Each structure stands twice: as structure tokens, then as C-alpha cells.
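Below is one structure; the comments refer to it alone.
Note that the structure is a prediction, hence the values are computed from the model and not measured.
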There are 2 protein chains.
Amino acid sequence: MKKSPLDSSAMTEHGSPSGRRGRWRSGEQSRQRILDTARSLFRQHGYGGTTVRAVAAAAGVDPAMVFYFFGTKQGLFAAVADMSADFPPAVDEVFAGGLDGVGERIIRTLVELVDKSDRAPLATITRFAPTHDQSEALLREFIDREISGRLRALLDTPDAAMRVAMVNVQLLGITVARYVLRIEPIASASADELVTRFGALVQHCLTGELP
Amino acid sequence: MKKSPLDSSAMTEHGSPSGRRGRWRSGEQSRQRILDTARSLFRQHGYGGTTVRAVAAAAGVDPAMVFYFFGTKQGLFAAVADMSADFPPAVDEVFAGGLDGVGERIIRTLVELVDKSDRAPLATITRFAPTHDQSEALLREFIDREISGRLRALLDTPDAAMRVAMVNVQLLGITVARYVLRIEPIASASADELVTRFGALVQHCLTGELP
DNA sequence: CGTGAACTTCACCAGGCGATGAAGAAAAGA
DNA sequence: TCTTTTCTTCATCGCCTGGTGAAGTTCACG
């Protein structure tokens, strides 16, 4: 039934493109082009709004090749979505520095990370997954695991949960304002300016006096 | 298949507008049911993810009726979207009270308005319009007109734009956290708690000392 | 060379989509 | 009553969708 070679990780022996002893036929290149194109289109138009044929056309490939490599449209999406779990390096430093100045660090990391990642706002995940429920659950888990969990570990006050949640509100608000809706002057502000503006605010949410 | 002979329950709309003498056959009811169903489905699945047939089925109506009343799918969407410009009453009071305590008022109005409106987050507009670009521009304009513009009129400091933008970040963050992603404990918090937590924060963004 | 696997193309299907047009059925107006 | 307007249904169109199967085509390897 399915003859699709889905587990591509088995043959990850390519150091450089077309490096397979002289030359290789081209299969991996096509696969990669489909993958890149699909990721771009999924982000732009969402899952339902992206057709396999459109991906194939944009990648300069026959539509059947998409099914040859990924089996189904869901398989293609799964292959694209899997590659999105690869930016833990800088995040650790944010929380490693302790509670002092964590506000500035968290804002700086968020903004710089997303800024340089070629228009890849986290919130785009929301329009990314097959169903909205799925994508929302995905993003909620991510936030809880990577941000809330670690922040909560730094606090031991009784209202830690609410304080952390207020930080989440800041992060979500900045992300939506700057990257999704592009509201001025947030969208055009420099990273430094956002850090000075919101760093103190986040710090206040964590360690300041709350009503 | 079935044509349920209309249960005449609570048709509160026409008082006398199209005063077609006493009762009317039923057309307006069908129209309204299609409209309500469509609005719900558009919000849940977006424009592309909602089919005319699904709307018709959920409304208990023949698909052709949708086209009879609204012409095209875009026409249906337009009819649904147009009704979203009908909540200016409470908003005016927020800004009429002056700068003092505007933070609490704006949070309270936002939360209570959205809470009681049967799961109708503003940010849902993002997944609402035919294209994402359209919906984003729509929402951006709305925010600028209804919130930023009025807030800016209350301030005359040189950094008014940034202060207002920071308020927007709060509002967007709360909306996304509470209604879209449903992050705890924001999602389950009472309106009063959110007002006390974020009211002061918003007020600080507007009138407090900024770095 | 030949064989066979990896890759590519093409023809095609079943189904759902938005949309149309004509034929009913029920109330309004005469 | 008959006629007209309004609403409802049904059959159908053309298009595009995700997906399949079978032919090529190109290369590695014996």
C-alpha cells in the first residue's frame, strides 16, 4: 500500500549537496525542495489553504512526487512540522542567569531569536497545524514547557502561577503586535528599545509588587 | 428530507423595520440561521476551512439557499463580517472618564465584553477573513481606530505612541492568552482578578515612569 | 553488458467544492 | 379565484482536490 520512504533519517549521510561520490541522482534535492516549499506555503496559507499541487508546482515537481516521498498530505505536514524543534541553545541561558535581570534577557532572547529567523513568528504555529485545536494545544504545551515551567522554578511565591502567566501575556502580546499584526511603533522598534521598554515590565511582573 | 415547520422562538429582531404586516413567511428566519451558523463556523475553521455545504447542513437548509440569500460564499462572509461593527456603546465610556483609572476600565471592558459575547475573541478575526493579509489589516485598522487613536488623544507626552503601543501589547496578550490559547490561570481567572492584575499594569504603561 | 532499485512522469479516478437554473410550494395581492 | 412574489428543493455542471498505478527514465552495481 504505502511504499513511501518516510524515515529519511536513516540515510542522512550527505555532508554536502550532491556529495555522494561524484554525483547522486537527485532524489534528495527534490525532497528538500518540496520540504522547503511546503513549509513556506503552510505558513502563508495554513494547512487547509495549501494544496499538494501548489506545493509541487512551486517546487517545480510533479504532484505525484509529493506522495512518492511523503505518502499523504498529512505526511508532508508531519515532515515539515518535525523540523521545528531546534532552538534550545539560547533559551537555557535566559533562565540560567537567575531571577535578577531575567526580564531583559527573556525579551532580548525572544526578539532577537524571532527577528533573525526570517519571519518565523511563534504565533504562526497557530495557523500551521491541520486543525486549530491541534495547533493551539501544541503552542500551549510549548509555552508551558519551555517558558512557564522554567520561570515557575525560579519563583516560590504563592502567586507564582499568576506572575508567570502575566509574563506569558507580555510575550504573547509582543509577538502578536510585532510579528503578526505589525503594529507601530512596536513592529519597527529596535530590539534594544523593546528590551528597555518591556524588560522592566516583565521584571516587575515577576519580582515587583502586585496589587 | 425534512422540513421542520419552524419553531417560532425568540425572534427579537424585526420590531417594525420591514413592517410587512404581522408575520412573514419564514425567509428571514432561514437567513438568520444561515448567518449565525456561518459566523460560528467561520470562526472555528476559518474561511477556507468552512464550506457552504457545511454551513447549510448545520443550519438545516439546502445549500442552494445560501446562494439564494447571499449570492456567493464571499457574499456570505461579507454579510457575517459586517455585523461585527456593533459594540460601540461601552467603549465610549472607557475613554470618556479621562486618564484617571482608564487602565482598570479598559481591561474590565475588554474582558467583560468578550466574556459575555459567547466566545468571540477579537483575535479570532485573524483566522476569519478570506486571506490572512486581509484579516490582519482589518484588525490592525480596528485597533488603531478604536483603541490607539482614542488613547493617544488622552496623552500628549512625546512618547505617547510607544505608551499606547504598550497598552496594545497588554490587550493583545490578554486576548490571546485567555481566549485563543486558554493559558492558565489567565483563562479561568475572574474578570475582577484580571482587572486588578492588569489594570495597574496598563495604567503604568500610560502614566507611570518608563525607562 | 544486464538487472534492479531509485527517481520521474503521465493518465486517471472518486469525491467534494462553489455555483446555476428550473421546477415546485406557500403566502400576498388582486 | 388567479396571479405574483417569495421561499425551497433538486438535479446538475465544471473544476479542483487528495490520491493511485503503471509506465518510463536514470543511474549503481554485478
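Regarding A:E28, its CD atom lies at a distance of 13 Å from the P atom of C:dA6, rounded to whole Å. Counting to the nearest Å, the C1' atom of C:dA11 and the CG atom of A:D62 are 11 Å from each other. Regarding A:F70, its CZ atom lies at a distance of 14 Å from the C1' atom of C:dC7, rounded to whole Å. The nearest whole Å value for the distance from the CD atom in B:Q29 to the C1' atom in D:dT6 is 15 Å. Atom P of nucleotide C:dG24 and atom CE of B:M65 are separated by 18 Å, given to the nearest angstrom. If you take CG of B:L76 and C1' of C:dA19, they are 14 Å apart, rounded to a whole angstrom.
Proximity of B:Y68 to the phosphate of D:dC7: a side-chain N or O atom is located under 4.0 Å from OP1 or OP2. Under 4.0 angstrom from either OP1 or OP2 of C:dT8 there lies at least one side-chain N or O belonging to A:S30.
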Donor-acceptor contacts, no H, no angles, side chain residues 58-72 of chain B, under 3.5 Å, sequence neighbours left out:
from  : atom 1 : to    : atom 2 : distance (Å)
B:D62 : OD1    : B:A64 : N      : 2.8
B:T72 : OG1    : B:Q74 : N      : 3.4
B:T72 : OG1    : B:G75 : N      : 3.0

I'd like a table of atom pairs between the protein and nucleotides 13-19 of chain D - only N or O on both sides, under 3.5 Å - with the distance next to each one.
from   : atom 1 : to    : atom 2 : distance (Å)
D:dG18 : OP1    : A:V52 : N      : 3.3
D:dG18 : OP1    : A:K73 : NZ     : 3.2
D:dG18 : OP2    : A:V52 : N      : 3.0
D:dG18 : N7     : A:R53 : NH1    : 2.6
D:dG19 : OP2    : A:K73 : N      : 2.8

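Which of C:dT8, D:dG21, C:dT20 sits closest to the side chain of A:A64 comes down to D:dG21.
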For DNA chain D, just give me the dot-bracket, please: Watson-Crick or G-U, both distances below 3.5 Å, ( ) intra-strand, [ ] crossing earlier pairs, | paired with another strand, . unpaired. ||.||.||||||||||||||||||||||||
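Listed by chain and number, the residues in a salt bridge (charged side-chain N to carboxylate O under 4.0 Å, His left out) with A:R53 amount to none (sequence neighbours excluded). For B:S188, the side chain to side chain contact (heavy atoms under 4.5 Å, CB included) partners at least two apart in sequence or on another chain are B:E184. Residues meeting the salt bridge (charged side-chain N to carboxylate O under 4.0 Å, His left out) test with B:R163, sequence neighbours left out: B:D159.
Residues B:T109 and B:F95 fail the side-chain proximity criterion, which asks for heavy atoms closer than 4.5 Å. With contacts defined as side-chain heavy-atom distances shorter than 4.5 Å, the pair B:L155/B:L99 qualifies.
Ring orientation note: the planes of A:Y47 and A:F42 are close to parallel, at an angle under 30° on the 30°/60° scale.
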Could you go through the side-chain contact (heavy atoms from CB on, under 4.5 Å) check for B:L201 and A:Q170 one step at a time? CA-CA 11 Å; B:L201 213 56; A:Q170 307 301 312; 3.5 Å; yes
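Comment: A:R108 engages A:E112 in a salt bridge, judged by a side-chain N to carboxylate O separation of less than 4.0 angstrom.
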